[in-house]
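Everything below concerns the one structure shown next.
This structure is a prediction, so every number in the text was calculated from the model and none was measured. Lettering follows sequence order; numbering is per chain, from 1.
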Amino acid sequence: MTPAELSQAVQAAVSAAVEAGELAVAVPEHVTVERPKNRDHGDYATNVALQLAKPAGRPPRAVAELLAARLREFTGIAKVDIAGPGFLNITLDAASAGELARTVVDAGEAYGRNEALKGLKINLEFVSANPTGPIHIGGVRWAAVGDSLARILRATGAEVTTEYYLNDAGVQISKFAASLQAAANGRPVPADGYVGEYIVDIAKAITDAVPGVLDLPADEQLQVFREQGLKLMVAEIKRSMDEFGTHFDVWFSEKSLHDSGAIEKAIDRLREQGHVFEQDGAIWLRTTDFGDDKDRVLVKADGDITYFAADSAYYLSKRDRGSEVSVYMLGADHHGYVNRLKAIAACAGDDMNRNIEVKIGQFVKMLRDGEEVRMSKRAGNIITIDDVVDWIGVDAARYTLARSSTDSTITLDVNVLTSQTSENPVFYIQYAHTRMCGVQRKAESMGITKGSAEDFKPELLATEWESELLGALADFPRVVAKAGELREPHHVARYLEDDVARKYHRFYDNCQILPKGDEEVTDLTRARLWLADATRTVVANGLALLGVSAPERM
RNA sequence: GCGCUCAUAGCUCAACGGAUAGAGCACUUGACUACGGAUCAAGAGGUUGCAGGUUCGAAUCCUGCUGAGCGCACCA
């Protein structure tokens, strides 16, 4: 019996009680059934009696009594207790619990997938760092979290488009080009330009690729550095992302919005909705209609188009391309953007509480020798995506960055990253996977298989360690759905770490799977192989959602 | 000044409004005649920043305060 089936059983018990006239309440649409932390509280617990007590006008424990009596009639439920203020503690019989191993093995790679967000078209934009330098540690966090979130949303049934917005049109690119030009000519970079090893490297790559570029007039020269520099930098970012296992379906060019006239069209559309006005020679969007603290300029008095106008056109582009929900993942320096971005959606006639979500994630702080590393492009002490991958590898980097809530700042110690990589919990999870693969290899070499589904005896998986592990495996679909709905991939990571891997290691240490010496192969041997196979499936599926490999050997 | 976000063990971080707030690292102590010990078991470590409120129940929701980060352009 899966938690979903149990939830339905509880719901059915409520319905039956209502129909019998014992309870005067509306039957809840969803009944939550959770794994209690304390094993004495059974396999599952529900607080439904506590929630129904008030509307029913009955004491919680009386409601619980009614439901418990009905629940005890269900096959697969061994015991129902009432505890505390009115919790229902439910214990499954061993066969019903063990059956889950078969469910998982049968579903294979599909186990964990669900339809919580079925058919929802989501545009997920993340990283979107300016193409004027390598991706630094902050961007790496969004790469890890964003890519994992895309995988989780897809597993939850959503249709996801991942997107990187390239700011290839503004003054930052001009400064970047000017810096390259200066470097190529052996001059110091401009005061507000970009500094760093990579500037010199790219400048050299351009002078190598375009012989004679330095003989061109200054303005033509600058144009070459602008185009070539952008091309090389974007290629570099794409390479980094590719190596990091992060895929973007769309690399969206800001410049294309300018070149195609999309911005003017967007302004017209916003004007039709009645939120555009002129003042002091500029064209404005009245974002204060929808909670922004000030109105925003779309076209400046001198005729220049603002970055905000491009943002507006970009949102409409996402919408036109079919996005029902546009998710923006931005860094903590973008708090001020939330209201104006949401106002764009509202001004376009959309529902700002549904069609657009702006997630603000906290910074990554770096520590070296106990002191915070203040990164600055000027000082050239940026910690880049390639640095992190060199130090600890893609798996450990992705896991480290994806295992915490984006709401919390994370502090990474450079000394730890560059030395003791085995401290990373990702290895704990991967080791569980290799252990199961090891058991399977050993079983094969002994000529043992888990046998056919008909011969599987789930009731033999009855020790506390097997029961705990089965409970953890049963929780996977719910965890994936929750992570998708909350847009928080770290729930999957913590689940693998604290539930699945931990409980597997305990099971492994306490329950011998394969026969030792001249012991017989028994039904219990085969049942435990089913459980190991099911666990391996969940670990592999879970790691895949995080973009982390599930190695067969380490 | 206004706005947004955060505050949990020595450190790094968890905790769907639920029962005794959990892991890892570091510290103390056990378990290898092994299905690979990158593991397991045990111990110690907390007034969840402070003060109120809502609730049967608050780390979680509301209010105020304190502290920290970020943001408040006809910049991008």
Side-chain angles (χ1 to χ4, degrees), chain A residues 32 34 36-38 40-41 45 47 50-51 53-54 59-61 83-87 89 130 167 169-175 254 279-284 293-294 296-304 306-308 310-311 331-339 360-363 365 367 370 400 403-405 407-413 416 420-425 427-428 430-432 434-443 445-446 448 478-479 481-482 485-486 490-491 493-495 497-498 501-502 504-506 508-517 525 528-529 532 553-554:
Chain A
T32 57
E34 63 178 6
K37 291 171 200 160
N38 189 333
D40 296 338
H41 296 151
N47 61 356
L50 288 160
Q51 291 177 335
K54 184 166 281 184
R61 290 191 68 103
F87 289 104
N89 292 336
N130 279 350
N167 298 122
V171 301
Q172 295 307 319
I173 296 297
S174 300
K175 290 175 182 173
E254 179 194 355
Q279 185 178 308
D280 304 329
I283 298 174
W284 300 67
D293 53 356
K294 60 186 67 168
R296 304 291 166 180
V297 172
L298 293 163
V299 183
K300 297 193 271 181
D302 63 8
D304 280 356
T306 64
Y307 187 84
F308 178 72
D311 274 343
D333 52 342
H334 285 69
H335 281 119
Y337 282 52
V338 178
N339 286 340
I360 297 296
Q362 300 302 312
F363 289 128
K365 201 154 94 176
L367 225 58
T400 300
R403 75 189 280 268
S404 298
S405 162
D407 284 340
S408 71
T409 55
I410 49 181
T411 304
L412 302 179
D413 189 328
V416 173
Q420 306 165 28
T421 62
S422 65
E423 281 183 18
N424 195 308
F427 298 113
Y428 184 82
Q430 289 183 317
Y431 181 57
T434 65
R435 268 186 150 176
M436 289 177 273
C437 292
V439 169
Q440 283 179 341
R441 280 194 298 271
K442 175 91 176 193
S445 76
M446 296 168 76
I448 303 172
R478 187 193 65 79
V479 171
K482 186 176 77 169
E485 287 169 0
L486 298 178
H490 78 277
H491 284 107
R494 294 296 176 152
Y495 161 76
E497 193 176 322
D498 294 341
R502 184 168 320 285
Y504 176 75
H505 284 308
R506 283 180 183 161
Y508 181 94
D509 272 30
N510 287 288
C511 302
Q512 181 72 23
I513 299 171
L514 298 172
K516 286 193 282 194
T525 305
R528 284 179 171 167
L529 282 171
R553 299 172 195 271
M554 286 171 72

*A:Y495 side chain N/O closer than 4.0 Å to the phosphate oxygens (OP1, OP2) of B:A14?*
no
_Distance-only donor-acceptor test, A:D509 side-chain atoms vs B:A34 base atoms, 3.5 Å_ = no
_More than 12 heavy atoms of other residues, nucleotides or ligands under 6.0 Å from NZ of A:K175: yes or no?_
yes
*When you check the phosphate oxygens OP1 and OP2 of B:A34, does a side-chain N or O of A:R435 lie under 4.0 Å from one of them?*
no
*Looking across every strand, which nucleic acid part, if any, lies under 4.0 Å from A:D498 by heavy atom: base, sugar-phosphate, or nothing?*
sugar-phosphate
_Heavy atoms only, 4.0 Å cut-off, all strands: where does A:I410 land among base, sugar-phosphate and nothing?_
sugar-phosphate
*Phosphate oxygens OP1/OP2 of B:G18: is one of them under 4.0 Å from a side-chain N or O of A:T32?*
no
*Please measure how far the P atom in B:C61 lies from the corresponding atom in B:A7, and state the result in whole Å.*
10 Å
*Between atom CD1 in A:I360 and atom P in B:C4, what is the gap in whole Å?*
13 Å
*Return the stacking result for B:G69 and A:F363: yes when the ring centres lie under 5.5 Å apart and the planes under 30°, no otherwise.*
no
*Compare side-chain N and O positions of A:R506 against OP1 and OP2 of B:A41 and report whether any pair is under 4.0 Å apart.*
yes
*Under the side-chain hydrogen bond (donor to acceptor under 3.5 Å, both in side chains) test, which residues partner A:H490, sequence neighbours left out?*
A:E488
_Distance between C1' atoms of B:A38 and B:U54 (Å, rounded)_ = 48 Å
*Does the A:T306 side chain pair with the main chain of A:L298, one donor and one acceptor, at a distance under 3.5 Å?*
yes
*Using atom C1' of each nucleotide, how far apart are B:A26 and B:U12 to the nearest Å?*
11 Å
*Could you give the NZ-to-C1' distance, from A:K482 to B:U60, as a whole number of Å?*
13 Å
*Identify whether any heavy atom of A:N167 sits under 4.0 Å from a base atom; if not, whether one sits that close to sugar-phosphate; answer base, sugar-phosphate or nothing.*
nothing
*Identify which nucleotide among B:A19, B:G37, B:G18 has an atom closest to any side-chain atom of A:Y508, counting heavy atoms from C-beta outward.*
B:G37
*With a 4.0 Å cut-off, would you call A:R296 and A:D311 a salt bridge?*
no
*asked:* Closer than 4.0 angstrom, basic N to acidic O: yes or no for A:R502 and A:E497?
replied: no
*asked:* Please convert RNA chain B into dot-bracket. A pair counts if it is Watson-Crick or G-U wobble with both distances under 3.5 Å; crossing pairs go in [ ] and bases paired with another strand get |.
replied: (((((((..((((....[...)))).(((((.......))))).....(((((..]....))))))))))))....
*Tell whether A:N47 reaches the base of B:G18 with its side chain through a donor-acceptor pair below 3.5 angstrom.*
yes
*What integer number of Å spans the P atoms of B:U55 and B:U47?*
28 Å
*asked:* Need to verify one output field. Residue with the more 5' nearest nucleotide on RNA chain B, A:A301 or A:H491?
replied: A:H491
*For A:R296, which contact category applies under a 4.0 Å heavy-atom criterion: base, sugar-phosphate, or nothing?*
nothing
_So A:R478, base contact, sugar-phosphate only, or nothing? Heavy-atom distance under 4.0 Å._
nothing
*Considering all heavy atoms of both residues, which atom of A:A83 and which atom of A:N89 are nearest to each other, and what is their separation?*
CB-ND2, 3.3 Å
*asked:* Using atom C1' in both nucleotides, what's the gap between B:G71 and B:A14 to the nearest angstrom?
replied: 29 Å
*Please answer whether B:A19 and A:H41 are stacked, defined here as ring centres separated by less than 5.5 Å and planes angled under 30°.*
yes
*Mind checking salt bridge (charged side-chain N to carboxylate O under 4.0 Å, His left out) for A:E254 and listing every partner two or more places apart, or none if nothing turns up?*
none
*Across the strands shown, which category fits A:A83 at heavy-atom distances under 4.0 angstrom: base, sugar-phosphate, nothing?*
base
*Name the nucleic acid region contacted by A:V439, choosing base, sugar-phosphate or nothing; use a 4.0 angstrom heavy-atom cut-off, strictly under.*
base
_C1' spacing across the pair B:A44 / B:C2, given as an integer number of angstrom_ = 47 Å
*Taking only N and O in the side chain of A:K516, is any of them less than 4.0 Å away from OP1 or OP2 of B:C35?*
no
*Atom CG of A:N510 to atom P of B:C35: distance rounded to whole Å?*
15 Å
*asked:* What contact category does A:C511 fall into here, base, sugar-phosphate, or nothing, at under 4.0 angstrom with non-hydrogen atoms?
replied: base
*Does A:K37 make a side-chain N or O approach to OP1 or OP2 of B:A19 shorter than 4.0 Å?*
yes
*asked:* Using only modelled atom types and a 3.5 angstrom limit, is any donor from either the side chain of A:E423 or the base of B:C25 paired with an acceptor on the other?
replied: no
_Looking at B:C40, I'd like to know if its phosphate oxygens (OP1 or OP2) sit under 4.0 Å from a side-chain N or O belonging to A:Y428._
yes
*Provide the distance between the two P atoms, one in B:A21 and one in B:A58, to the nearest whole Å.*
13 Å
*asked:* Can you work out whether A:D333 or A:Q172 has the more 5'-proximal nearest nucleotide on RNA chain B?
replied: A:D333
*asked:* When you measure from the side chain of A:N38 to the backbone of A:D40, do you find a donor-acceptor pair of N or O atoms at a distance under 3.5 Å?
replied: yes
*Select base, sugar-phosphate, or nothing to describe what A:D311 touches, counting heavy atoms under 4.0 Å on all strands.*
nothing
_So A:G84, base contact, sugar-phosphate only, or nothing? Heavy-atom distance under 4.0 Å._
nothing
*Could you walk me through whether A:V439 and A:L529 pass the side chain to side chain contact (heavy atoms under 4.5 Å, CB included) check?*
CA-CA 8 Å; A:V439 169; A:L529 282 171; 3.9 Å; yes
_Separation between the C1' atoms of B:A51 and B:A59, rounded to whole Å_ = 16 Å
_Donor-acceptor pair (no angle test) under 3.5 Å: A:N38 side chain, B:U20 base_ = yes
_Mind checking if A:A332 touches a base, just sugar-phosphate, or nothing, with heavy atoms under 4.0 Å?_
sugar-phosphate
_Phosphate-side-chain proximity, A:H490 and B:A15, N/O vs OP1/OP2 below 4.0 Å_ = yes
*Backbone N or O of A:G361 within a donor-acceptor pair of the A:H334 side chain at under 3.5 Å?*
no
